[in-house]
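Heads up: the structure comes next, in structure tokens.
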Amino acid sequence: MLKEIRPAIVVLIALMIITGLAYPLAMTGIAEAIFPNQSQGSLIVRDGKVVGSQLIGQNFVSEKYFHGRPSATVGADPADASKTVGQPYNASNSMGSNLGPTSKALVDRVKGDVDKLKAENPSTPVPVDLVTTSGSGLDPDISPAAAYFQVPRIAKVRNMPEQDVRNLVERHIETPFLGLIGEPHVNVLALNLDLDGVPAR
Amino acid sequence: MTFIGWIQIALFCAVVIALVKPLGWYMTRVFSGERTFLSPIVSPVETVLYKIAGVDSRSEQDWLRYTVSMLIFHVGGFIILYALLRLQGALPFNPQGMTAVAPDLSFNTAVSFVTNTNWQNYGGETTMSYLTQMLGLTHQNFLSAATGIALAVVLTRGFARSSTRNLGNFWVDVTRATLYILLPICIPYTLFLVWQGMPQTLGAYVDATTLEGAKQTIAVGPVASQVAIKMLGTNGGGFFNANAAHPFENPTAFSNFIQMISIFAIGAALTNVFGRMVGNQRQGWAILAVMGVLFITGVAVCYWAEASGTTGLNALGLTGGNMEGKEVRFGIVSSALFAVVTTAASCGAVNAMHDSFTALGGMIPMINMQLGEIIVGGVGAGLYGMLIFVIISIFVAGLMVGRTPEYVGKKIESKEVKMAMLAILILPLMYLGFSAVACVLPSAVASIANAGPHGFSEILYLFTSSTANNGSAFGGITGNTFFYNTTGGVAMFVGRFLMIVPAMAIAGALAEKKALAPSVGTFPTTGGLFVGLVVGVILIVGGLTFFPALALGPIVEHLAMTAGTLY
């Protein structure tokens with residue numbers, strides 16, 4: 001048994017240096033050289049300031065922006081750091097709601113959201129993704145249906161023709177890879193950035 | 001369910017099957033010590049390494065020495081990882097100033113990564129320094145996977161060799177698995193993932209000012225290099241808390257597709273390695289067929305359940321399936337498929353929250369793990385889980401028709417069957433036993449997040465996943481308590497080593513036997529009858545052990561849900 005101690009130490013340490021240090025550090029260097037944008041987190045910079053990441057959703061609450069999905073992430077309570085409070089789209093603490101299929105808390109929360117959305121747009125069925133939380137709490141996307149659902153509100157608040165807003169949404173629909181893999185979706189932050197670029201009439 | 005959804009599933013299966021032969025051929029060469037296209041680069045490194053280690057690469061070990069080497073290797077890995085977790089506050093590559101991890105959580109995490117479980121009672125972006133993620137966790141992701149491959153190869157050698165005690169050299173096998181198989185695939189794979197949008201940086205978290213003027217701190221890090229081996233090595237431990245649901249850990253549907261392929265690739269190809277080494281590739285395909293039957297059944301049930309949605313939300317007029325805890329870019333089909341893939345192999349990464357799955361949709365991952373992750377198995381709990389069931393099946397077939405049980409030229413005798421039964425019984429002992437204890441301890445029950453039968457499912461899932469070395473979770477449960485950290489750690493340890501040691505003993509016993517030429521009395525093990533028999537034995541043996549527990553959890557929850565009961 002003692003004979004195996006030496007190879008254990010040598011192989012462990014050698015492979016630790018190769019796979020735990022050389023490999024990730026070399027990958028970091030190469031990735032930063034070839035993909036300078038992605039390797040840093042696909043950040044979006046406006047006027048020298050980081051306004052977010054292309055891949056990370058934001059907590060849009062203003063009427064004039066498209067809203068993302070509800071988010072179950074939490075953060076430290078500003079009043080008492082030992083407690084946590086709901087903090088949607090906290091990108092340094094990803095999590096889902098983990099509420100199960102027979103959870104009363106889940107059904108009650110969704111019902112409240114559905115009622116609010118029905119009041120906003122009674123003519124269209126509420127898209128399921130607009131009232132359910134994502135697995136990460138950071139989902140950057142909504143379904144095309146969820147984007148179209150919000151068009152009347154955006155058009156009204158921004159004083160734009162509905163068709164213009166619709167066209168904007170349509171331009172932002174990302175189709176599945178090879179038309180097969182994944183689901184069509186709309187990146188909410190990119191859509192809202194574009195929306196801000198369109199002058200109101 | 002949609003047509004295009006099924007096309008995605010078919011495409012996934014096609015790619016996995018297409019990779020079986022080339023990867024199987026390559027791995028067979030690596031473990032037979034033959035030259036490969038990487039030899040000019042890797043071979044000199046190997047030579048130096050063996051020289052310093054005092055290893056003669058041509059001298060082989062018997063099963064006991066091989067096992068002892070493996071155990072010492074694990075103990076060393078555990079000590080290094082535990083030390084890193086406890087000391088990370090004083091070490092470099094820590095831009096967020098993460099402090100030392102508590103002793104019980106460090107114990108749980110170290111056991112978890114050394115045993116290829118990667119159960120996580122912590123959130124990566126709120127707990128771990130970059131150094132811990134790289135030197136501690138990425139390193140163990142490689143080594144626990146390499147060990148799993150080595151063990152599958154040894155059991156295969158047990159069948160393939162005859163009249164010998166030599167089963168190979170652990171140090172050579174583990175080094176070759178790392179340097180010839182895992183690392184060379186991970187390098188281009190990492191770059192692919194970064195291309196898709198995965199961060200790979202040592203910089204601190206980024207503060208952004210959102211469009212509405214709020215502050216958003218965005219966690220980044222050396223993510224891609226870790227995720228590559230996390231998937232390929234079927235480890236499954238997330239860089240971030242939300243694992244592969246996090247947009248940085250799985251940016252696109254394309255990255256998701258490739259991640260699923262990489263979970264299955266090596267495990268599926270190991271069946272081909274088995275076939276090649278025992279001299280008949282059809283033996284490997286027969287095993288893969290058994291896996292395929294169980295896999296497709298699981299996918300169909302899970303996809304159907306998730307696409308059907310929950311009664312509570314459907315009653316509100318919502319259509320489109322159960323999207324709670326799922327990401328829009330993946331949708332229902334890629335989430336359901338991922339859940340089945342990750343638990344069919346010993347991976348445990350999740351791209352949707354299993355806790356929010358429908359009762360039946362969430363039951364499929366549980367069944368997959370309770371069977372011992374024999375479907376493809378992946379790298380960690382490898383081929384050996386399935387071969388153990390094959391031994392039992394051959395024994396049962398022998399009893400039924402009065403034939404001498406033999407498999408690929410080896411007589412299956414009492415020692416092999418006893419060891420196989422030991423390995424099979426140890427799993428339910430752990431997950432049923434600990435679940436029962438947890439259910440009567442008020443402090444353990446306090447950890448559950450959902451009331452009603454779902455709460456029981458959370459406990460059962462925790463111990464199932466720990467014992468099976470999977471690592472996925474019904475994440476609502478608060479696992480970071482002294483009780484779950486310690487019992488979960490014990491379950492992972494026992495689930496790993498009391499599977500491995502009997503499997504190694506079987507390998508040793510088989511290798512010593514003489515090879516028999518097939519006769520008219522030999523039960524053919526390459527046809528449909530054999531496949532059906534093994535599937536049947538798996539479902540009967542498995543079903544008898546865990547059906548009562550499932551009846552108390554997901555099954556009663558499904559009935560409650562359809563009756564409109566909420567908790």
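Both backbone and side-chain heavy atoms feed into the values below; hydrogens, waters and symmetry mates do not. Residue numbering restarts at 1 for every chain, and letters A, B, ... go by the order of the sequence lines.
For chain A, the nearby part of B/Leu11 is the side chain; its heavy atoms alone come within less than 4.5 Å. Within the 4.5 angstrom heavy-atom criterion, atoms from both the backbone and the side chain of B/Thr209 approach chain A. For A/Pro125, no part lies near chain B; criterion is any non-hydrogen pair under 4.5 Å. Looking at A/Val61, the atoms closer than 4.5 Å to chain B (heavy atoms on both sides) sit in the backbone and in the side chain alike. Only the side chain of A/Ile18 comes within contact range of chain B, judged by heavy atoms closer than 4.5 Å. Using a 4.5 Å cut-off between heavy atoms, B/Gln61 touches chain A through its side chain atoms alone. Looking at B/Met198, the atoms closer than 4.5 Å to chain A (heavy atoms on both sides) all sit in the backbone: N, CA, C or O. Heavy-atom distances place both the backbone and the side chain of A/Tyr89 under 4.5 Å from chain B. For A/Lys64, no part sits under 4.5 Å from any heavy atom of chain B, backbone or side chain. Using a 4.5 Å cut-off between heavy atoms, B/Ile52 touches chain A through backbone and side chain atoms alike. Within the 4.5 angstrom heavy-atom criterion, no atom of B/Leu137 approaches chain A. Interface remark: A/Ile142 contributes backbone atoms only to the contact with chain B (heavy atom separation under 4.5 Å). With a 4.5 Å cut-off on non-hydrogen atoms, B/Ser225 touches chain A through its backbone and its side chain both. Only the side chain of B/Leu143 has a heavy atom closer than 4.5 Å to any heavy atom of chain A.
Using a 4.5 Å cut-off between non-hydrogen atoms, the part of residues 47-60 of chain A that approaches chain B consists of A/Val50, A/Val51, A/Gly52, A/Ser53, A/Leu55, A/Ile56, A/Gly57, A/Gln58, A/Asn59, A/Phe60.
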Does B/Asn450 form a side-chain hydrogen bond (donor to acceptor under 3.5 Å, both in side chains) with B/Glu458? I'd like the steps, not just the answer. CA-CA 8 Å; B/Asn450 285 272; B/Glu458 285 182 344; 2.9 Å; yes
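Between A/His67 and A/Val188, the shortest heavy-atom distance links the atoms C-CG1, 4.1 Å. Nearest approach of B/Phe330 to B/Ser335, heavy atoms of both residues: CB-OG, 3.9 Å. Heavy atoms only, all atoms of each residue included: B/Asn256 and B/Ser334 are closest at ND2-CB, 3.6 Å.
Of the listed residues (B/Leu316, B/Asp207, B/Thr138, B/Ile332), the one with the most heavy-atom contacts under 4.5 Å to chain A is B/Leu316. The candidate with the highest count of non-hydrogen atom pairs below 4.5 Å against chain B, out of A/Pro127, A/Gly179, A/Gly135, A/Gly137, is A/Gly135. If you tally non-hydrogen atom pairs under 4.5 Å between each of B/Gln8, B/Gln196, B/Arg329, B/Glu212 and chain A, the highest count goes to B/Glu212. Taking A/Leu189, A/Val107, A/Asp129, A/Thr133 one by one and counting their heavy-atom pairs under 4.5 Å with chain B, the maximum is reached by A/Thr133. Note: A/Met16 leads A/Arg46, A/Lys118, A/His185, A/Met16 in heavy-atom pairs under 4.5 Å with chain B. The candidate with the highest count of non-hydrogen atom pairs below 4.5 Å against chain B, out of A/Thr102, A/Thr132, A/Val114, is A/Thr102. Contact count against chain B (heavy-atom pairs under 4.5 Å) is highest for A/Leu99 among A/Asn192, A/Leu21, A/Leu43, A/Leu99. The residue among B/Asn322, B/Thr201, B/Thr310, B/Val45 with the most heavy atom pairs within less than 4.5 Å of chain A is B/Thr201. No other option in B/Ile80, B/Thr178, B/Asn243, B/Ile218 has as many heavy-atom pairs under 4.5 Å with chain A as B/Ile218. Counting heavy-atom pairs closer than 4.5 Å to chain A, the top residue among B/Phe474, B/Phe357, B/Tyr205, B/Phe240 is B/Phe357. Highest contact tally toward chain A, considering only B/Val55, B/Ile7, B/Val220, B/Val206, is held by B/Val206 [criterion: heavy-atom pairs under 4.5 Å]. Between chain B and the residues A/Ser42, A/Pro176, A/Ser103, the largest count of heavy-atom pairs under 4.5 Å involves A/Ser103.
In this structure, B/Met134 and B/Leu202 have side chains that are in contact, with non-hydrogen atoms separated by less than 4.5 Å. B/Phe12 is not listed as a side-chain neighbour of B/Val333, based on a closest heavy-atom distance of 4.5 Å or more. Between B/Thr126 and B/Asn241, every side-chain heavy-atom pair lies at or beyond the 4.5 Å cut-off.
Between B/Trp171 and B/Phe73, the two ring planes are perpendicular [angle over 60°; tilted spans 30° to 60°]. Relative orientation of the B/Phe239 and B/Tyr130 rings is tilted, given thresholds of 30° and 60° on the angle between their planes.
If you run salt bridge (charged side-chain N to carboxylate O under 4.0 Å, His left out) between A/Arg69 and each of A/Asp141, A/Asp113, A/Asp139, only A/Asp139 comes through. The side-chain hydrogen bond (donor to acceptor under 3.5 Å, both in side chains) with B/Thr358 is formed by just one residue from the set B/Glu324, B/Glu306, B/His558, B/Glu557; it is B/Glu306.
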